[in-house]
Amino acid sequence: MSSPDPRCLPVLVGVGEITDQPQQLERGLEPLALMEHALRRAEQDSGAALLDQLDSVDIVYQLSWPYPDTEAQLCQRLGRQPQRVELGPMGGESPLRYLHQAALAIARGEYRVAAVVGAESRHTTERAAKQNLDLPWPPRDPAPKVRRGKDILHPLSLKHGILMPPTVYPFYENALPRRYGQTPRAAMEESGRLWARMARIAANNPYTWSERTPSAEEIITPTAENRAVAWPYTKWQVANPMVNQGAALLLTSAAVARKMGIPEERWIHLWGGAAAVEPEDYLQRDQFHRSHAQDTVLETVLRWAGGDVGGFRHLELYSCFPCVPKMARRTLGLDEDFEPSVTGGLSFFGAPMNNYMTHAAAAMVRRLRDSAPGEGLLYGQGEYVTKHHAVVLSNRPPPAPLAEDYSVQAQADARRGPVPPLLERYQGPATLETFTALFNRAGEVDYAVVLALTPAGERVMARVPGTDRATLDTLLDPANSPIGLAGEAMPGEEDLLHFRIATRRTASTKEAI
């Protein structure tokens, strides 16, 4: 392997964060103000006047206050017009993609200084909307161009009302216990222990939104404060987007960093990474007990740890819902008591929509600066277990130049099995593949939606109404996984298929460690 050219060696030299919890609602900072604060803090962290040399800015897509001209307004605030300013598409993995691409551009000699920045002010905007308060901010874009679930998913998902992430991720969460040899109760307890560790990490992060540190049992137990959302998720297991947070990263080359007098012990290097995606429409996936894209991405980056995840000194595994880091830890071969985050997770640190991984990268930079020589893994995920990107950061120079091609899409696609054809009309026997169950504010199940396979291997999506207590009791039995049980699909109300379970499993599934 050839050594990287030090003149174009990309280095992360500045990180900045801000969390805004105003006492008076009208004093809440708008997203652009948070972005500016984060960028100026990143410059201060670098110890050099880097914003004056800014060539490229990637802005993480924000949703709480869409502007008609985000790029122009940010440049005006900075008093700088970089040659490239781009507002990217949605995706929780997007900050890592921007970081990776910026490092590659610096390695090619295209930019001297590049930034990744994002922010959300949803805590303020949601409270203002409830109080009918007009915020003293610039006008919103009346027609923001953003792709939402309705633009991605099958119309059948929309008819069933399964399009928001808390209602979709349970398809994976409820398929995992059977795959892992757990009872549903054991799987929930694993989630509780994992999230309790996240909460403790978040409480020690100076930029956290919440300092709450509930126990594992408190996290998985529905209460008035921690209501049931979608089985098996309670509110404290769901990403919390009601935050005001901003973060920024500054990158440059080793040559510029030296010229600007930034000490080498402050440099953090990007060694490499990998990316792949699943089909956007989750109904077009072959199964729901793993993600081939996630597996391929994580297995690929293990090479920078010598093939052993123990070679990573620090980890950040995306944590919008428990199933994501639970799948990741098994792919990586981690014991259950691993430390999953340097940040604190999206439920407790906060989930500024697409921008969490910018905060995670900032936290990783600080951790690596204070650590013995070693590497850190950042893994981000977006949409519905759809987009996957991981990068490896280190406090020591990379052994080889940054690879231009980081896609592992072909490898992920090669693992994918046949996708069951989706039937919208069907009557007859079907075997339960997975399910989601939605709760109302009173803590009662409104209805469940199942995915089931016909004897011919086709997939159906069907509803279990809240009145079918026998089927719902079987689905929500904490002692026995219902996956694989026989049932029957039939025409139902609202021109939707309905489903009822025909048999019950009486013996508990054997648990595995």
Side-chain angles (χ1 to χ4, degrees), residues 149-150 152-163 167-179 181 183-184 230-232 278-290 292 323 384-385 416-439 444-509:
K150 63 183 178 62
I152 297 171
L153 302 179
H154 193 283
L156 198 56
S157 300
L158 310 187
K159 289 175 69 175
H160 278 287
I162 308 299
L163 71 158
T167 66
V168 175
Y169 278 78
F171 284 136
Y172 282 86
E173 197 75 53
N174 291 321
L176 295 182
R178 177 76 182 278
R179 177 73 173 183
T183 63
W231 180 266
E278 297 285 347
E280 282 189 321
D281 179 5
Y282 60 81
L283 291 178
Q284 297 304 312
R285 298 177 189 172
D286 60 343
Q287 43 67 46
F288 298 93
H289 55 256
R290 73 186 319 146
H292 302 300
C323 62
Y384 309 96
V385 198
R416 198 160 285 121
V419 177
L422 181 64
L423 300 182
E424 297 191 46
R425 304 289 180 186
Y426 175 75
Q427 183 166 3
T431 301
L432 183 65
E433 185 181 20
T434 189
F435 71 98
T436 183
L438 282 61
F439 289 81
E444 302 166 337
V445 179
D446 267 344
Y447 63 92
V449 173
V450 307
L451 299 179
L453 299 173
T454 72
E458 301 122 335
R459 177 176 286 155
V460 296
M461 190 177 205
R463 179 169 296 195
V464 179
T467 54
D468 185 353
R469 295 309 313 175
T471 297
L472 290 175
D473 287 347
T474 302
L475 291 178
L476 277 55
D477 180 358
N480 297 281
S481 170
I483 306 306
L485 291 184
E488 181 183 4
M490 66 208 80
E493 298 175 356
E494 303 178 42
D495 198 31
L496 297 172
L497 292 181
H498 280 203
F499 180 85
R500 66 167 175 251
I501 290 177
T503 61
R504 292 192 64 158
R505 183 179 292 117
T506 56
S508 295
T509 307

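Start at 1 with the first residue, then count along the sequence.
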Using a 3.5 Å distance criterion without hydrogens, assess whether the side chain of [X] forms a donor-acceptor pair with backbone atoms of [Y].
{"X": "Asn174", "Y": "Pro170", "value": "yes"}
{"X": "Arg463", "Y": "Leu496", "value": "no"}
{"X": "Thr436", "Y": "Thr167", "value": "yes"}
{"X": "His160", "Y": "Ile162", "value": "no"}
{"X": "Tyr426", "Y": "Thr454", "value": "no"}
{"X": "Thr471", "Y": "Ile501", "value": "yes"}
{"X": "Tyr384", "Y": "Leu153", "value": "no"}

With sequence neighbours left out, which residue pairs that include part of residues 488-499 fulfil the side-chain hydrogen bond (donor to acceptor under 3.5 Å, both in side chains) condition?
->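 The answer is Arg425-Asp495, Glu488-Arg500.
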Does anything in residues 446-455 pair up under salt bridge (charged side-chain N to carboxylate O under 4.0 Å, His left out), and if so which pairs, sequence neighbours excluded?
->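 Residue pairs with at least one partner in residues 446-455: there are none.
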Salt bridge (charged side-chain N to carboxylate O under 4.0 Å, His left out) contacts touching residues 451-461 (sequence neighbours left out) =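 Applying salt bridge (charged side-chain N to carboxylate O under 4.0 Å, His left out) to every pair that reaches into residues 451-461, excluding sequence neighbours, yields Glu433-Arg459.
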Evaluate side chain to side chain contact (heavy atoms under 4.5 Å, CB included) for Leu475 paired with Leu432, printing each intermediate quantity in order.
-> CA-CA 10 Å; Leu475 291 178; Leu432 183 65; 3.6 Å; yes
Heavy-atom closest pair, residues [X] and [Y]:
{"X": "Phe435", "Y": "Pro482", "result": "CE2-CG, 3.6 Å"}
{"X": "Ser481", "Y": "Arg178", "result": "OG-CB, 3.6 Å"}
{"X": "Phe499", "Y": "Val464", "result": "O-CG2, 3.4 Å"}
{"X": "Leu283", "Y": "Ser157", "result": "CD1-OG, 3.5 Å"}
{"X": "Val419", "Y": "Asp286", "result": "CG2-N, 4.1 Å"}

Across all chains, not counting sequence neighbours, the side-chain contact (heavy atoms from CB on, under 4.5 Å) partners of Ala437 are Trp231, Val445, Ala448, Leu476
For Pro491, all residues meeting side-chain contact (heavy atoms from CB on, under 4.5 Å), sequence neighbours excluded =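 Testing Pro491 for side-chain contact (heavy atoms from CB on, under 4.5 Å), a comparison that skips the adjacent residues, returns Gln427.
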Flag side-chain contact, heavy atom, 4.5 Å: Lys159 against Met461 |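 They are not in side-chain contact.
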Gap between atom SG of Cys323 and atom CD of Glu173 - 0.5 Å precision =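 Reported to 0.5 Å precision, the distance equals 4.5 Å.
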Evaluation steps, side chain to side chain contact (heavy atoms under 4.5 Å, CB included), between Asn480 and Asp477 = CA-CA 6 Å; Asn480 297 281; Asp477 180 358; 2.9 Å; yes
Decide if the gap between the ring center of Phe171 and the ring center of Tyr282 is smaller than 6.0 angstrom.
-> yes
Return the set of residues passing salt bridge (Lys or Arg N to Asp or Glu O under 4.0 Å) with Arg469 (not counting sequence neighbours), or none when no residue passes.
-> Asp473
Could you please spell out the steps behind the side chain to side chain contact (heavy atoms under 4.5 Å, CB included) verdict for Leu156 and Leu422?
-> CA-CA 10 Å; Leu156 198 56; Leu422 181 64; 4.3 Å; yes
